[in-house]
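Before any comments, here is the structure.
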Amino acid sequence: MGQLKMQISIRKAILTDSEKIHSLIQHFAKKGIMLARSQQYIYDHVRDFFVAIKDKQVVGICAFTVSQKDLAEVKSLAVDEKHQKSGIARQLIENGINDLKELGVKKVFCLTYVPGLFEKMGFTQVAKESLPHKIWTECINCPSFPDCDEIALTKEI
């Protein structure tokens, strides 16, 4: 694992990462396991993303958005399939959470089809209805609304 950390670096996304961020999201959205995002959305929210870099290539992404005074969302987590199960997703989440702590955020949440990683990181499943702000801002525009089968999880940070 120590060798992995030397090979992978995590940093805030920059504009030149936008196409790869969009490509990763669209890849997993086509598989039905992630909400699609437009290229314009990526440009509008590029400052929300962290990227994992290996050999000067983006191999993982994750965005973090503040939803309320002390609540933020972990979203658009994706790792290139060739690099999955190597700790990259965990590193992305940890970096984002550390950034959110500096902002004063006290709690994070996510909506996911794959809760295992989040549970291993101390997230707890909650009812989606406990996140009303989230549901009425972004979820209402999702094609799966109101029959979403994503799992909601939260974690105090």
Side-chain angles (χ1 to χ4, degrees), residues 4-5 8-14 17-18 20-29 31-38 41-54 58-81 83-145 148-157:
L4 171 71
K5 289 188 179 187
I8 301 293
S9 62
I10 307 293
R11 64 166 167 74
K12 293 289 282 184
I14 57 176
D17 299 325
S18 297
K20 183 59 178 181
I21 292 169
H22 184 252
S23 174
L24 274 170
I25 290 173
Q26 295 310 101
H27 174 75
F28 290 105
K31 292 182 171 208
I33 55 175
M34 178 177 273
L35 185 60
R37 305 281 184 194
S38 69
Y41 176 92
I42 304 304
Y43 289 136
D44 291 345
H45 298 273
V46 71
R47 290 176 176 246
D48 295 340
F49 281 90
F50 279 81
V51 293
I53 306 294
K54 181 178 181 184
V58 174
V59 297
I61 61 168
C62 192
F64 301 84
T65 58
V66 176
S67 296
Q68 294 178 343
K69 177 183 167 191
D70 56 2
L71 177 68
E73 181 181 8
V74 179
K75 59 202 279 185
S76 298
L77 173 63
V79 175
D80 185 286
E81 289 167 334
H83 300 286
Q84 290 182 358
K85 308 267 187 221
S86 62
I88 293 171
R90 178 179 289 273
Q91 288 181 53
L92 285 162
I93 294 167
E94 287 172 351
N95 275 266
I97 286 176
N98 288 338
D99 190 55
L100 292 171
K101 283 180 186 177
E102 289 181 22
L103 287 175
V105 172
K106 305 287 186 227
K107 187 180 204 179
V108 293
F109 76 96
C110 67
L111 293 170
T112 183
Y113 294 111
V114 189
L117 169 67
F118 291 98
E119 290 171 329
K120 288 177 188 172
M121 294 185 71
F123 284 72
T124 305
Q125 288 191 27
V126 297
K128 282 189 283 281
E129 297 75 25
S130 70
L131 305 169
H133 185 264
K134 168 64 181 167
I135 289 171
W136 295 112
T137 57
E138 193 169 322
C139 290
I140 199 162
N141 297 315
C142 177
S144 297
F145 185 82
C148 174
D149 56 354
E150 284 187 305
I151 297 165
L153 299 107
T154 63
K155 178 180 179 171
E156 302 287 331
I157 60 173

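This structure is a prediction, so every number in the text was calculated from the model and none was measured.
The ring-ring contact (aromatic ring centres under 6.0 Å, His included) test applied to H45 returns Y41, not counting sequence neighbours. For E156, the salt bridge (Lys or Arg N to Asp or Glu O under 4.0 Å) partners two or more places apart in sequence, or in a different chain, are K107. Under the side-chain contact (heavy atoms from CB on, under 4.5 Å) criterion, A29 pairs with A36, not counting sequence neighbours. Applying the side-chain contact (heavy atoms from CB on, under 4.5 Å) test to K20 and every residue at least two apart in sequence or in another chain returns L24, V58, D80. Every residue was checked against the side-chain contact (heavy atoms from CB on, under 4.5 Å) condition with R47, not counting sequence neighbours, and none meets it. Not counting sequence neighbours, the partners of F64 by the ring-ring contact (aromatic ring centres under 6.0 Å, His included) test are F50. Applying the side chain to side chain donor-acceptor pair (under 3.5 Å) criterion to D44, with sequence neighbours excluded, gives Q40. With sequence neighbours left out, the side-chain contact (heavy atoms from CB on, under 4.5 Å) criterion links I157 to I97, L100, K101, V105, V108, K155. With sequence neighbours excluded, the residues forming a side chain to side chain donor-acceptor pair (under 3.5 Å) with K31 are E81, listed by chain and number. Scanning for salt bridge (Lys or Arg N to Asp or Glu O under 4.0 Å) contacts around D17 gives R11, with sequence neighbours left out. With sequence neighbours excluded, no residue forms a side chain to side chain donor-acceptor pair (under 3.5 Å) with N95.
For the pair T112 and L77, the minimum side-chain heavy-atom distance is 4.5 Å or more. Proximity of K12 to D99: side-chain heavy atoms (C-beta onward) are separated by under 4.5 Å at one or more points. Within the 4.5 Å cutoff, the side chain of S130 has no heavy atoms near those of the F109 side chain.
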Side-chain donor-acceptor pairs under 3.5 Å in residues 114-126, sequence neighbours left out?
| unit_1 | atom_1 | unit_2 | atom_2 | d |
| --- | --- | --- | --- | --- |
| E119 | OE2 | Q125 | NE2 | 2.8 |

